[in-house]
Amino acid sequence: MADHGARPDDGGRTDGIPMIPALRWDEPPEGPVLVLLDQTRLPAEESELVCTDASALVAAIRSLAVRGAPLLGIAGAYGVALAAARGFDVEQAAAALAGARPTAANLETGVRRAKDAYDAALAAGGDAAAAALRAARALHREDAEASAVMAERGLALLDEWRPGGGHRILTHCNTGELVSGGEGTAFAVALAAHRAGRLRRLWVDETRPLLQGARLTAWEAARQRMAYTLLADDAAGSLFAAGEVDAVVVGADRIAADGSVANKVGTYPLAVLARYHHVPFVVVAPWTTVDVGTPDGASIEVEQRAGREVTEIGGAVVAPLGTQAYNPAFDVTPPELVTALVTERGVLSPVTAEGVATLEGRA
Ligand code: MRU
């Protein structure tokens, strides 16, 4: 597996499509930096954001320049390494990074992993900054490995349910290379189906308010030359009613001990629709998204974002001045609506607290 401190452009792929450089650690003569592909500017522009300290990274996380649960974890870990390498207060940097967004479990996990490595090396009189960087790189590499395993398992499930292939997959938000050390979570399953010649259509929810589906997933699908169609979120119901969806496949930001799944707002209504129409609803997530310290869905903190994201679209005001907006970034789907949870540790179907506990023990 490639060293993701310097991931090769093709990530080991043979199809000639370069990997998306979502995030990379660089060491120019002026000192180490974390370079992000600014996701707020996609698809119009592929521009880089260079972070020289943790506070720049915190701002990038809050603005969603870097986003998606697994990548937030990786970014958080590199953020700790950056603070250490640049001689900043690592304790303070770690706290600011871990608290930058509340819902994605991966962010806290990634920050903690690099911070623990830093503390352990410090206590042992070793090179603590190097230890934090090693931890970040290991997490980056492991996420790529998890992504590959999940893609294979997710496709095997779809094939089991529809042996001839020809899968019509509905997805929500953005879950591909832009959020991962590898090819992503839910998107990686669709990509595996595409490569195997078994994807008939990827239905891409636009994902209001910030349009991660339209701006980012459609962009990734187009790069991969997949058969995809974009739809307004509210069009999903008629798609199910027309019998055009074989499976819903989504990622997750936090999975509680009882199997409740927090993911981009708009996921829960898809799970309800899927149940009504007898369509499997699949969640694909690395184990870093599972937090057994959060007992259930009601205990998951859902990030509330500025109303402006709803009253405006791409900077254009679409509601009367002074309109109040309700803008939770995520919603929570109860485990009984999830047909299967696909992780690198195994697949749960049905999704139960007992199943989550079993996989938790399978480190
Ligand atoms: O607010 P975002 O864009 O960070 O939300 C991202 C999502 O909700 C994804 O679906 C989730 O992180 C799973 S992706 C691997």
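Remember, it's 1-based here, ligands and their atoms both numbered in the order they're listed. Just so you know, residue 1 is the first one in the sequence shown, and it goes up from there.
Distances from atom 13 (C) of ligand 1 to the heavy atoms of A69, A252, P286 put A252 nearest.
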Stepwise salt bridge (charged side-chain N to carboxylate O under 4.0 Å, His left out) test for D159 and R198: CA-CA 9 Å; D159 285 345; R198 295 204 286 278; 2.6 Å; yes

Worked verdict on R101 versus E301 for salt bridge (charged side-chain N to carboxylate O under 4.0 Å, His left out): CA-CA 10 Å; R101 291 188 75 190; E301 184 183 347; over 6 Å; no

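With 3.5 Å as the limit, one finds a donor-acceptor pair spanning the side chains of N174 and R67. Side-chain contact check for T294 and D291: at least one donor-acceptor pair (N or O, by modelled atom type) lies under 3.5 Å. Of the N and O atoms on the side chains of D253 and T103, not one donor lies less than 3.5 Å from an acceptor on the other residue. In this structure, a donor-acceptor pair under 3.5 Å is present between the side chains of S55 and D53.
Under the 4.5 Å side-chain criterion, counting only non-hydrogen atoms from C-beta, W161 is not in contact with D246. Side-chain contact check for Y228 versus T217: every heavy-atom pair is 4.5 Å or farther apart. Contact of the V189 side chain with the V342 side chain is not registered, since no non-hydrogen atoms from C-beta on lie closer than 4.5 Å.
Applying the 4.0 Å criterion to heavy atoms of K264 picks out, from ligand 1, the atoms 1 (O), 2 (P), 5 (O), 8 (O). Listed by number with element, the atoms of ligand 1 under 4.0 Å from a non-hydrogen atom of V179 are 14 (S), 15 (C). Residue C173 has at least one heavy-atom neighbour below 4.0 Å for each of these atoms of ligand 1: 5 (O), 6 (C), 7 (C), 8 (O), 9 (C), 10 (O). Within ligand 1, counting atoms from 1 as listed, the ones closer than 4.0 Å to a heavy atom of P70 are 15 (C).
W219 carries R223 over the face of its six-membered ring, with the cationic atom under 6.0 Å from the centre and within 45° of the normal.
Using a 4.0 Å heavy-atom cutoff, F330 is listed among the residues neighbouring ligand 1. The closest approach between R101 and ligand 1 falls below 4.0 Å for a heavy atom of the residue. Residue contacts with ligand 1 leave out A104, since none of its heavy atoms falls under 4.0 Å from the ligand.
On a distance-only criterion, T185 and ligand 1 share no N/O pair closer than 3.5 Å. Backbone and side-chain nitrogen or oxygen atoms of G68 are examined, and one is located within less than 3.5 angstrom of a nitrogen or oxygen of ligand 1. At least one N or O atom of N263 sits closer than 3.5 Å to an N or O atom of ligand 1.
In terms of protein heavy-atom proximity, atom 8 (O) of ligand 1 is closest to D253 OD1, 2.8 Å. Ranking protein heavy atoms by distance to atom 14 (S) of ligand 1, first place goes to T175 CG2, 3.6 Å. Looking only at heavy atoms of the protein, atom 3 (O) of ligand 1 is closest to R67 NE, 2.5 Å.
Heavy atoms of Q212 found under 4.0 angstrom from ligand 1 belong exclusively to the side chain.
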